[in-house]
Each structure stands twice: as C-alpha cells, then as structure tokens.
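Following: one structure in structure tokens, then a few remarks.
Here is the naming used below: chain letters follow the sequence lines, and residue numbers restart at 1 for every chain. Below, all heavy atoms of this structure are taken into account, side chains as well, without hydrogens, waters or symmetry copies.
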There are 2 protein chains.
Amino acid sequence: MTPRPTLEQVAAHAGVGRGTVSRVVNGSPQVSEQTRRAVEAAIAELGYVPNLAARALVTRRTGTVALVVAEGEERLFEEPFFARAVRGISSAVQASGRQLVLALSEGRPLERYLTPQHVDGVLLLSVRADDPLPRQLQGTGLPVVLGGRPDGVDVPHVDVDNAGGARAAVAHLLATGRRRIATVTGPPDMGAGRDRLAGYRDALAGAEALEVTGDFTEGSGYRGVRELLDRRPDLDAVFAAGDSMAVGALRALREAGRSVPGDVAVVGFDDSPLAAVTDPPLTTVRQPVEELGRAMAELLAALLAGEEPASRVLPTELVVRASS
Amino acid sequence: MTPRPTLEQVAAHAGVGRGTVSRVVNGSPQVSEQTRRAVEAAIAELGYVPNLAARALVTRRTGTVALVVAEGEERLFEEPFFARAVRGISSAVQASGRQLVLALSEGRPLERYLTPQHVDGVLLLSVRADDPLPRQLQGTGLPVVLGGRPDGVDVPHVDVDNAGGARAAVAHLLATGRRRIATVTGPPDMGAGRDRLAGYRDALAGAEALEVTGDFTEGSGYRGVRELLDRRPDLDAVFAAGDSMAVGALRALREAGRSVPGDVAVVGFDDSPLAAVTDPPLTTVRQPVEELGRAMAELLAALLAGEEPASRVLPTELVVRASS
C-alpha cells in the first residue's frame, strides 16, 4: 500500500508553499484562481486526504473557543470551582484574541454545535468516564483540551495532583494523632474522585479505611457523614474530597453534637472561597483552579498554533486552618 | 424605480411554493437540482435580494441560541440574578429543541461570533444604554430578544414592572411610618436602575428624596449607605434597588451602630436567595427572574417560528420580612 502523501509533497508537486496548500484546502479567498487549480490538481494526482485536525489548526476561522462543562446550570452556579475555572480560562482566551462561549452538556447533544464551522477548539470540564463527548470531538478534528485526567481516551489535558493532595491531607491527620480517618469520596466516574480516593488509601498505610461515596455536592457530604457516624460513631477525622462536601460534613457533625476539631477533625479539598468562612475555618488541599483554567486555554492556544504541547499536572498544597 | 420583488413573486415565477424558494436561498439540501435551477433562474430574472432576517428565520440551521450577558465573569457568578435567569432561559431553550451557548460581552467584540452562521438568535441581558450591541445585532438580521427595557432601539423584550415594584416598596415604608426614606439606585444607564428610581420618586409624593447612585453590587450598597448616613444621620429607611446592594446596606448600618428595623428599615429588590438568609431577613420586591428568562426564550422561539410576538412586562410583588 502506498503511504498517504503529506501536505509537503502536495506543496512540492504544485510548486507552492505549505501555507498555500493549507489555504486552498481551507477554502481561503486569499489564493489566486490559477494557484488554486494547480494545488487542486496536485491533490487529485497524489490522492492527498486533508487532515481535519490540521485543517482546523490552520484556519482559525471562527475566532471562537467553546468551554463545555458537563454539568447542568444548577451545579455551574452553585459550585465555586466553576466560577474560578471560568475566570482563569476567560482571561487566557481573551489574551489569545479569541472569544469564549460556554455550553453545558448535561443531557444535551452538542454535536451540531461543536464543529469546526462554529468553534476553533473545545475546552472540557467535569467530564465523566462514560461521557462519549471527548471521543466524539476527536472525530470532528477539533483540538480538544480536557480539564482533569482523561479516561480511556488520549486527549491533551491539564490536571492537578489529586492523589498527592489527598496523601498530604491524610498524612496531616495521622501526624496530628487521628486514627479513625474516614473519607467522603468524589464521584467514582471522575478522575478527581478516583485519584483523591487512591491518595487517601495510599496514605492510610494499613490503617483502617472508612469510605462513603459522594458526588462533590454539599448534600452528599452531609449524608455521607451521617452514614459514617452510624457505621463508626468513634471516627475522629473526615477527609472530604471537596470543600462543598466538607461544608456538608461540618453541618452533619454539628447536628450530631460532635465538636470540630475537638471530637472530629475535618479536611476538605479545593480551598474554595467557602473554606475561609466556614465555622471553624476549613483545613483543605488547595488546588490552583484559576491556573488550571489558564493552563487549559494556553494548551489549546498552542494546539491552535500547530504546536504539540505537553499535558500538565499542577501541584496541590495543604492549607491548615482551624478544623484540624 | 422598480419595487424590489418579493419572495412570493419569485415563487410564482418559478412555479414553486414559498418554502421551496426559502430552502434554495438558504442552501438546504432538501431541494432537487432541477427545482434549484428553476428557482435560481427566477431569482436572477427578477433581481430578487434575499432578506437576511427572513433567511435566519427560515433556516434554523445551527440549532443554537446565544445568551449574551453584558458583564464580566465576576458579576455573572457573584450576582444570583444571572444564575436564576440562566435557569429559566436554559429550560425553555431546551424545550424548544435548541442548544444554548453563553457569551460574556464585557469589553469583548462579539461581531465575528454573533452571526447567522453560528447562531439562530440572541438573548441579551444586562445591557447598558450606550451598548452598541443591540443595534449591531439588528444589522446581522438575527432575531434578538432583550431582557429589560430597550433604550433608543426597538427590540422585542421582556421586562419586569420595575417602577411598580419600587412604588410598592416606598409605599410600604411610608405606611409603616418611615419619613426619611433614602435610596441606593441601580446604574443610571440601565432601564432597571432608572425605572426603580422613577418609582421611588413617584411614591415619595413630595416627601424629601435622598438618593445615592449604586451599580447593583454589594460594595456599592455598602458605600452608598455610608454616604447617605453622612448626609442624613437621621434617615429612617433605605430602599436599595437590588438585594446585593441591600446586603451591603445592612453591613454599613450594622457598622454604624444602627439597628434594623428599629432605627432604619431596609427594603431590597429581587427576592434573590440572599434575601431569606440575611440578618434580619430582607423585605424585598420579588421579580420573577426564572420566568423572565423563560419568557425571553419563548419570545425568541416565536420569532424563529416566523410569528410576531408582543413584548411583555412581568409583574413584581412586595415580600415583607423582618427588615422593615
């Protein structure tokens, strides 16, 4: 089988530069009729198949980048993570001279909209393991950058060190004398949920694990801690894998008559604006959410510039306050 | 000069229906080659110029509706009004089978994006009097629906009865014995700001007006009441033209050692989720924000269906709580 001809070979065959071939492939008006015909002849003769991804890379014709959040509008506005991420993304997208549009994908088919006709690239946030969207987008040839860790699909991404942060949280609880350390986990179908759980288990180093599954909402933290207290009334620490869940955990502990941190220490994850105003203020793992957003937008801008940027993992850091 | 031929005349000339002409004009694939050629011949012969607005009305080719909020992301996430409006808009847009995308226009040129190529119609929120966007959009032929009252431009819109709500607030304060009633206004370049101020002045009925200009943010309510207290230390009521400003007003009054409602009554506007959790809970004017959003999306859907729906003004209602 003959190897597929490259864009370079087409350019050489037509006696023009690479950029000219790209412009013809992308229907740019900045090409003379004569040049266009020469390039089209070379394409036909060599059997060149334009690469959709390269095509989107070259044209940048919409000037628009989509941020797709795989949530409904309730979550978008209620979970401070998203406001912070949008802030970082928005500033970097603006700096690149592009326009940001936001779409929520919960239960909504976006395939008519997420095409090279409407957007130059896509940023994805809060994607679940079984979400077909990342794979569908790859089929469109659009450059895609994922916030978080991709699952069974190879996508450029920016993640934070979830496992390392969770290990630091549990190590801190052990170092301050806690021995019955429970966790309310994030969703098992999200990398952030799984990785924080893995870090928790890792750091326990043989101590008893006491786990209940949450979904990052305040309500799931509240219900989770009630269930944990039923199972182990003598637990002396809770690692909630998100600050909103930690707020729910504090509420459940208060209702159960447990003092924080006297009876039970609580550590969250995020360092959201909530963490500083809870009672008591929350020890938590800081993840750099604005920076995550900025880095996602910068990775996409690099892809759009034809570069091959490396995915990144940003560091997390324990912030000790009064709840532990 | 010959009058411009109508779509009907083209249809008659080509021996086809109006819908067929529309489909040809809009490049629909559901037309046979023969019919297309007949219609194109009729168009050329009569010198027909397709109307852009009609074209956007007929095609619905993107299935996408844009909500443009004339604010930055800070305001979008911090002011509960927007979460509620997006909820109403989103549910109605989904019900119409379309996809909603959100764009923020603060300081960003959107003209490359807001075209019939990318969206079927535009919903506008939080637009200032001097914002060129509504007029620009009319030039694109895209159907536009404004949330609020248009200013110097004729755009289908959904507003709430801002003046009536403000009158009810001030009448309530007068009826409960307040006599030195100050107001922190909304932005003078927004209909909601001007109309609530007009309602306040109207209801004072000759009593002394005591006004300071705010911008709907908590900080402007705080600074406004500090200034008002400097000017009139004996004021006995504050009508803040938005709940976030009322929260700032409560903070300024607390710092100044004034009890609420003992020394000073406070009334807000919105009935946002904040109003029920302030200390004391806030008397406020309820505006039906989800319904406003839903009505905007429904108005746009009617425009897209080729109807000529009437603009609407939704009622507001005083909700009395402990702050007055």
Could you tell me the separation between the [atom1] atom of [X] and the [atom2] atom of [Y], rounded to the nearest 0.5 Å?
X       : Y        : atom1 : atom2 : result
B:Phe77 : A:Arg84  : CZ    : CZ    : 12.5 Å
B:Gln99 : A:Leu104 : CD    : CG    : 8.0 Å
A:Leu76 : B:Leu102 : CG    : CG    : 8.0 Å

If you count heavy atoms of other groups shown closer than 6.0 angstrom to CZ of A:Arg312, is the number above 12? no
Pick from B:Ala83, B:Ser90, B:Gly72, B:Ser91 with the largest number of heavy-atom pairs that fall under 4.5 Å of chain A: B:Ala83
Applying a strict 4.5 Å limit to non-hydrogen atoms, the region of A:Leu67 in contact with chain B is neither
Side chain, backbone, both or neither: which part of A:Glu74 has a non-hydrogen atom closer than 4.5 Å to chain B? side chain
What are the two closest non-hydrogen atoms of B:His118 and A:Gln117, and how far apart are they? CE1-O, 3.0 Å
Can you name the nearest heavy-atom pair linking A:Val101 to B:Ala103, along with the distance? CG1-CB, 4.1 Å
Side-chain donor-acceptor pairs of residues 121-128 of chain A under 3.5 Å, sequence neighbours excluded:
residue  : atom : partner : partner atom : Å
A:Ser126 : OG   : A:Glu71 : OE2          : 2.5
A:Arg128 : NH1  : A:Glu71 : OE2          : 3.1

With a 4.5 Å limit on heavy-atom distance, are the side chains of A:Arg112 and B:Thr64 in contact? no
Can you classify the ring geometry of B:Tyr113 versus A:Tyr113 as parallel (below 30°), tilted (30 to 60°) or perpendicular (above 60°)? perpendicular
